[in-house]
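The block underneath contains the structure these notes are about, expressed in structure tokens.
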Amino acid sequence: MIANITIVGGTHGNETSGIQLVRNWQQFGVPSAYKGLSIDCYLSNMAAIDANVRFVEEDLNRQFTPALLARQPQCQEARLAHALNQQWGPKGESDIDLLIDIHNTTSAMGATLIILQADEFHTQLARYVKQQMPEANILVEDEKPPAEHAYLCSIGKRGIMIEVGAQPQGVLRADVYDLTERMALAILDFVKAYNSDSVPELPPCDVFRFIENITFPLSEDGERLAMIHPALQDNDFAPVSAGEPVFLSFDGQPQTWQGETIYPHFINEAAYHKLHVAFATATKAQL
């Protein structure tokens, strides 16, 4: 039974689709079809939202590991993480049955549902969302136990993320907002079916299982030596095999992928600039 749902926008203050969706639902109410659910809509990082920046000091969505929550907070987002953990948790003891955290990306990932485990609930959810939105992508980040993730959504008993792009930081696009709302409603439709024990039998669905992040080639001084190759740009979740170009050196030479076939995503994500992350990799699987 999913009794309590919290929908969060503004974990990153310049990712506007979730912010606007939460504001709309706070002002006008959650659509009437979902009045039977206990839903709390919340804006998490108001300082970053007001400044229209991803974060003020540090990334709020990387503050929720058990180790960081046990440590004396040293920055604004760490203090906010401690306050949210106290309000909604503590982590591991939360009364929130499902925490949905809404994000945008500058990468061309379309509407992507991110789940942190592939148990029965999340498998059913993934299949249901994929049936409702065939164009959606399902990304599984189960390389570590959910409790060890640093994401805000990991406070809840179950935590998932909606990630929709491409959308520039600080910009609200109607098409991206529409995809965001459609995925949020598909998730709520699933919860209604789950609570009434009426989830239909659905076939396995394709998913992408996260492997690792790939950084840009760097000089000894930490300067980038290449950019994303045009053949890779805007092709999130398309397969890349050995020998295919992924980087274009600034001297005009392509650099190719060496290894097994991968499915890149978060390609050229603007928010990862300081980390020099070029893209994330995944394998393709079925749930």
Side-chain angles (χ1 to χ4, degrees), residues 5 7-12 14-25 30-31 33-34 39 41 61 98-116 118 121-142 151-153 158-193 202-210 233-239 263-272 279-280 282 284-287:
I5 302 168
I7 300 175
V8 179
T11 298
H12 296 137
N14 57 7
E15 297 180 1
T16 55
S17 294
I19 295 168
Q20 193 60 53
L21 181 62
V22 166
R23 282 178 166 159
N24 288 347
W25 286 4
V30 175
Y34 309 99
I39 301 173
C41 295
N61 208 33
L98 181 62
L99 201 162
I100 306 168
D101 194 15
I102 304 177
H103 292 265
N104 289 126
T105 173
T106 63
S107 302
M109 289 172 57
T112 300
L113 171 65
I114 301 177
I115 61 176
L116 306 183
F121 174 86
H122 292 88
T123 296
Q124 288 182 305
L125 170 62
R127 292 176 178 179
Y128 190 94
V129 169
K130 190 69 174 174
Q131 183 200 50
Q132 296 286 329
M133 298 180 67
E135 74 276 26
N137 298 300
I138 310 297
L139 179 60
V140 184
E141 295 194 14
D142 62 352
Y151 300 136
L152 179 147
C153 71
R158 303 172 184 86
I160 60 177
M161 289 179 282
I162 296 173
E163 187 81 59
V164 188
Q167 179 167 275
Q169 295 170 335
V171 172
L172 183 63
R173 290 178 50 127
D175 55 345
V176 173
Y177 178 88
D178 177 66
L179 285 172
T180 303
E181 185 174 39
R182 284 176 57 203
M183 182 166 279
L185 294 178
I187 293 167
L188 296 181
D189 284 335
F190 169 78
V191 171
K192 288 176 60 178
L202 297 172
C205 68
D206 289 336
V207 301
F208 301 95
R209 180 164 269 120
F210 172 79
Q233 184 64 56
D234 298 329
N235 283 313
D236 294 72
F237 295 116
Y263 294 81
H265 53 283
F266 284 116
I267 298 171
N268 222 3
E269 165 58 52
Y272 299 159
F279 54 89
K284 197 170 187 177
Q286 282 197 329
L287 288 185

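The chain is numbered in sequence order, starting from 1. All heavy atoms count here, side chains included; hydrogens, waters and symmetry mates do not.
In this structure, a donor-acceptor pair under 3.5 Å is present between the side chains of H103 and D101. A donor-acceptor contact closer than 3.5 angstrom links the side chains of S17 and Q167. Q132 and D189 are not linked by any side-chain donor-acceptor pair at a separation below 3.5 angstrom, with hydrogens and angles left out of the test.
Here the CD1 atom belonging to I100 is positioned 5.5 Å from the CG atom belonging to L188, to the nearest 0.5 angstrom.
Evaluation of the salt bridge (Lys or Arg N to Asp or Glu O under 4.0 Å) rule for D142 yields R209 as partners, not counting sequence neighbours. Take E15 and apply the salt bridge (Lys or Arg N to Asp or Glu O under 4.0 Å) test, not counting sequence neighbours, and it matches R54. Listed by chain and number, the residues in a salt bridge (Lys or Arg N to Asp or Glu O under 4.0 Å) with R158 amount to none (sequence neighbours excluded). Y128 meets the ring-ring contact (aromatic ring centres under 6.0 Å, His included) test with F190; sequence neighbours excluded. Partners of D178 according to the side chain to side chain donor-acceptor pair (under 3.5 Å) rule, which considers only residues two or more places apart in sequence or in another chain, do not exist here. Annotation: ring-ring contact (aromatic ring centres under 6.0 Å, His included) contacts of F208 (sequence neighbours excluded): F237, Y263.
No option in F279, F210, Y272 other than Y272 meets the ring-ring contact (aromatic ring centres under 6.0 Å, His included) test with F266.
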message: Evaluate E163 against T105 for side chain to side chain donor-acceptor pair (under 3.5 Å), listing each step before the verdict.
response: CA-CA 7 Å; E163 187 81 59; T105 173; 4.6 Å; no
Residues E135, K130; criterion salt bridge (charged side-chain N to carboxylate O under 4.0 Å, His left out); working and verdict: CA-CA 7 Å; E135 74 276 26; K130 190 69 174 174; over 6 Å; no
